[in-house]
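Every chain is numbered from 1, with letters handed out A, B, ... down the list of sequences.
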Amino acid sequence: MATPLFQAPKGTRDVLAPESERQRALIACFAERAIGAGFGQVVTPIFEELGVFERIGEATELVSKEMYAFEDKDGRRLALRPELTASVVRAFVQHRPPTPWRAWYEGPQFRYEKPQAGRYRQFTQVGAEILGTDDPHADVEIIALAWRFYEAIGLTRVSLLMNSLGDPTCRPAYLEALSSYLHERSADLTEQSRATLEVNPLRVLDSKRPPDQEIIDAAPSMADHLTDEVAAHFEAVTQGLEALAIPYRLSPRLVRGLDYYQRTTFEFAADALDSAQNAIGGGGRYDGLAEQLGGPPTPGVGFALGVERMLLACDAEGAFTAPDNSPQVFVVDVTGGAEASALADQLRQHGIRADRGFDQRSMKAQMKLADRSGAAWAVLIGDEELAQGVVTLRDLRGDQGQTTIERRALVERLLARPATNGEP
RNA sequence: GUGGCCGUAGCUCAGUUCGGUAGAGCCCCGCGUUGUGGUCGCGGUUGUCGCGGGUUCAAAUCCCGUCGGUCACCCCA
């Protein structure tokens, strides 16, 4: 294919119907469930002051290397949001809604990454956050909302991985133990892991490079270093999941890339995707974030789910197909086109999805369009019908053939006989 | 960011090994019925062979660069 003059920038893509309808339906399904669980939508700007994201961790790659940062004409330092939790917490700090505050969101995010299947520079997430409580039941509610959503869209091959990362009272000691252990074995680590070790020892546990595995397997575990309080919290969360019969796997090496996470962290892996991009969602507790963004100390927990990746997983499982938005009626007008305008408008005003042909094409050509549109009915109008004030109503999918009816009875007739799109 | 693979009509792809100047199926358009789709038959349109440069009498085919996609690492949704 010859390269067009312009194309969507690298790592971005156009989504056309029906896939776009499918994406919209997925988000609508999430919205319905979030609202049903007491969450209200929060809509934040697509760009923020750069500092909002810098606070989420200099050691975080998405902050240090992947941000679309820029200056506006007044020299303000801004960035396209690389994730949404920081924006939501910033909004919380700015507006101080009563707690516990439950918010859900959806929208695009931007990271300057090397694109791959399921990895885009602009991608869409849906998510939810609860701020103002560190009750383990909040963690459970958050996880359950995500889990039940996967169920609702028909994804069955999803694994929930759980871990606790400790908190500021116990993590430093663990980090020290881990760091000294890794330093002892650093000669056997890959070069990349040695570099990571200096920036964030925790992240070394994430390495998938084979030479590192043996060392990582024998590394000290966070689970053994949790304070009683943090361990009890985690225990309460897992018990809560069990009470709801939500299956999970403990994953002591689950680290996650955002530095603000502490205590509960979790990730959802789509087992139907065999690529490395199988994480279709993740989240955790970020009790220190509100304070870092200049607000009062406020615990928080939330998750974000990748819309594009969920849809890839749905493809792999044959789940959540695009909704059928075909017109119910296609108007075929061989008198010039004005009657099609009038009839389609009338049908649409009554909530009937209607399409029509253009360019005064032959009846044969318009019938072909009618068929391809997926419409259940064709409404035909020619010179004879026009003269007599009638239309011909033709059943395109069933065996009702065609009849001539009074033009003024058309709407009533169609409303009385719902379309049977796609049905034989 | 590092490394591998791929890039031919709107779509899926053949042709690239051993250079000779572009093909199939689908889609689309028309006709078979000057008022009727889906099946069938007949006919037809469509390509700077991703882009740029080089080698050659000659390049889709070989070489270099570049852009885009993809896979692994990385990162993560």
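- Using modelled atom types, one finds a donor on one side chain and an acceptor on the other under 3.5 Å when comparing Thr85(A) with Glu129(A).
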Each nucleotide in nucleotides 71-77 of chain B should get exactly one letter: B, S or -. Can you fill that in based on protein heavy atoms under 4.0 Å? BBBBBBB
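- Using Watson-Crick or G-U wobble geometry with both donor-acceptor distances under 3.5 Å, G1(B) finds its partner in C73(B).
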Base contacts versus sugar-phosphate-only contacts with protein, heavy atoms under 4.0 Å: please encode nucleotides 34-39 of chain B as B, S and - from 5' to 3'. -BBBS-
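- Nucleotide C13(B) has G23(B) as its partner under the Watson-Crick or G-U criteria, with both atom distances under 3.5 Å.
- Annotation: ring-ring contact (aromatic ring centres under 6.0 Å, His included) contacts of Phe149(A) (sequence neighbours excluded): Phe30(A).
- For the side chain to side chain donor-acceptor pair (under 3.5 Å) test, no residue two or more places apart in sequence or in another chain qualifies with Arg309(A).
- Between the side chains of Ser326(A) and Arg353(A), no donor-acceptor pair of N or O atoms lies under 3.5 Å.
- Qualifying ring-ring contact (aromatic ring centres under 6.0 Å, His included) partners for Tyr181(A), counting only residues two or more places apart in sequence or in other chains: none.
- C26(B) and U70(B) are spaced 29 Å apart, taking the P atom of each and rounding to whole Å.
- Of the residues in residues 8-16 of chain A, those with a non-hydrogen atom less than 4.0 angstrom from any atom of RNA chain B are Lys10(A), Gly11(A).
- Spacing between G3(B) and G50(B) at atom P, rounded to whole Å, works out to 24 Å.
- Counted within 6.0 Å of OH on Tyr68(A), heavy atoms from surrounding residues, nucleotides or ligands total more than 12; the atom is thus considered enclosed.
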